[in-house]
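Structure first, then comments.
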Amino acid sequence: MLADYVRAIRLAPDDAAYRNSRGLYLFSQKAWDLAIKDFTAAIERDSQNADYYNNRGLAFFVTDEWLRAINDYDEALSRTPDFIEALHN
């Protein structure tokens with residue numbers, strides 16, 4: 001599965017969704033720091049997507065980086081004010 005994400009990113013390096021998807025996979029594997037890097041790369045490519053901020057916020061949360069998590073949840077809510085997942089985080 002990871003190889004598929006690597007291949008997709010190699011073919012479309014500017015595609016934020018691929019970075020986010022790989023970040024979600026890495027998050028599921030508890031590779032927190034790598035997931036944060038991919039979520040950050042997704043945000044750099046599409047800074048208006050609230051999901052990317054929320055996902056990175058979750059990764060910051062599980063690594064006990066509370067303030068960074070809160071900042072990302074706030075960023076997600078600033079882009080999508082009714083984003084239920086960010087409101088609950």
Side-chain angles (χ1 to χ4, degrees):
M1 171 128 352
L2 183 59
D4 294 332
Y5 292 122
V6 171
R7 188 175 308 112
I9 290 168
R10 192 176 308 125
L11 292 172
D14 293 328
D15 191 307
Y18 291 151
R19 304 284 178 152
N20 183 65
S21 294
R22 185 173 67 179
L24 290 170
Y25 173 78
L26 292 166
F27 185 92
S28 76
Q29 301 301 302
K30 300 182 181 177
W32 316 122
D33 291 336
L34 294 174
I36 289 169
K37 286 180 183 178
D38 269 342
F39 296 140
T40 300
I43 290 166
E44 288 169 352
R45 287 159 177 77
D46 180 2
S47 63
Q48 296 307 307
N49 191 307
D51 285 314
Y52 302 162
Y53 286 98
N54 188 64
N55 293 340
R56 189 174 67 177
L58 288 171
F60 283 141
F61 179 82
V62 298
T63 58
D64 298 333
E65 295 187 56
W66 317 114
L67 292 178
R68 294 178 85 180
I70 291 168
N71 286 337
D72 273 355
Y73 299 145
D74 287 344
E75 287 292 335
L77 289 169
S78 75
R79 284 152 179 77
T80 308
D82 60 346
F83 191 6
I84 299 300
E85 289 86 354
L87 283 170
H88 287 276
N89 291 329

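Worth saying up front: this structure is predicted, and the values here are computed from it rather than measured.
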Fill in: Atom of Gly57, atom of Ala69 and distance for their closest heavy-atom approach
O-CB, 3.3 Å
Discussion item. How close do Ile9 and Tyr18 get, counting heavy atoms only, and between which atoms?
Written reply: CG1-CB, 3.7 Å
Item to complete: Any chance you could measure Leu58, atom CG, to Ile36, atom CD1, to the nearest 0.5 Å?
Response: 10.5 Å
Response to the item:
Rounding to 0.5 Å, atoms CG (Leu77) and CD1 (Ile84) come to a distance of 9.5 Å
Worksheet entry | Point-to-point distance, once rounded to the nearest 0.5 Å, from CG of Asp4 to OG of Ser21 | 11.5 Å
Discussion item. Within this structure, what is the CD-CG distance for the pair Gln29 and Leu24, rounded to the nearest 0.5 Å?
Written reply: 12.0 Å
Item to complete: Give the minimum heavy-atom separation between Tyr52 and Asp46, together with the two atoms involved.
Response: CD1-O, 3.7 Å
Fill in: Heavy-atom closest contact (Pro13 atom, Arg45 atom, distance)
O-NE, 2.8 Å
Worksheet item: Do you know the tightest heavy-atom contact between Ala50 and Arg79?
Response: CB-CB, 4.2 Å
Worksheet entry | Audit row: Asn55, Asn20, side-chain hydrogen bond (donor to acceptor under 3.5 Å, both in side chains) steps and yes/no | CA-CA 8 Å; Asn55 293 340; Asn20 183 65; 2.8 Å; yes
Worksheet item: Do the non-hydrogen side-chain atoms of Lys30 and Trp32 ever get within less than 4.5 Å of each other?
Response: yes
Worksheet entry | Neighbour count above 12 (heavy atom, 6.0 Å) for Leu11 CG | yes
Fill in: All salt bridge (Lys or Arg N to Asp or Glu O under 4.0 Å) counterparts of Glu85, not counting sequence neighbours
none
Item to complete: Establish whether Leu67 and Phe61 are linked, either directly or via other cluster members, by ILVMFWY side-chain heavy-atom contacts under 4.5 Å.
Response: no
Worksheet item: Between Tyr25 and Tyr5, how do the two ring planes meet: parallel, tilted or perpendicular, split at 30° and 60°?
Response: tilted
Worksheet item: Tyr73 and Trp66: same hydrophobic cluster, using ILVMFWY side-chain contacts below 4.5 Å?
Response: yes
Item to complete: Please round to the nearest 0.5 Å and tell me the distance separating atom OG1 of Thr63 and atom CZ of Arg68.
Response: 8.0 Å
Practice prompt. Please name the residue in the list Glu44, Arg56, Arg22 that meets the side chain to side chain contact (heavy atoms under 4.5 Å, CB included) test with Phe39.
Written response: Arg56
Discussion item. Let me check something: do Tyr53 and Phe83 share a hydrophobic cluster, defined by ILVMFWY side-chain heavy atoms less than 4.5 Å apart, either directly or through other members?
Written reply: no
Discussion item. Could you check whether any side-chain heavy atom of Thr80 comes within less than 4.5 Å of a side-chain heavy atom of Asn54, counting everything from C-beta outward?
Written reply: no
Worksheet item: Mind checking what makes side-chain contact (heavy atoms from CB on, under 4.5 Å) contact with Ala31, not counting sequence neighbours?
Response: Leu26, Leu34
Discussion item. Please find the pair of heavy atoms, one from Ala35 and one from Gly23, that lie closest to each other, and give the distance.
Written reply: CB-O, 3.4 Å
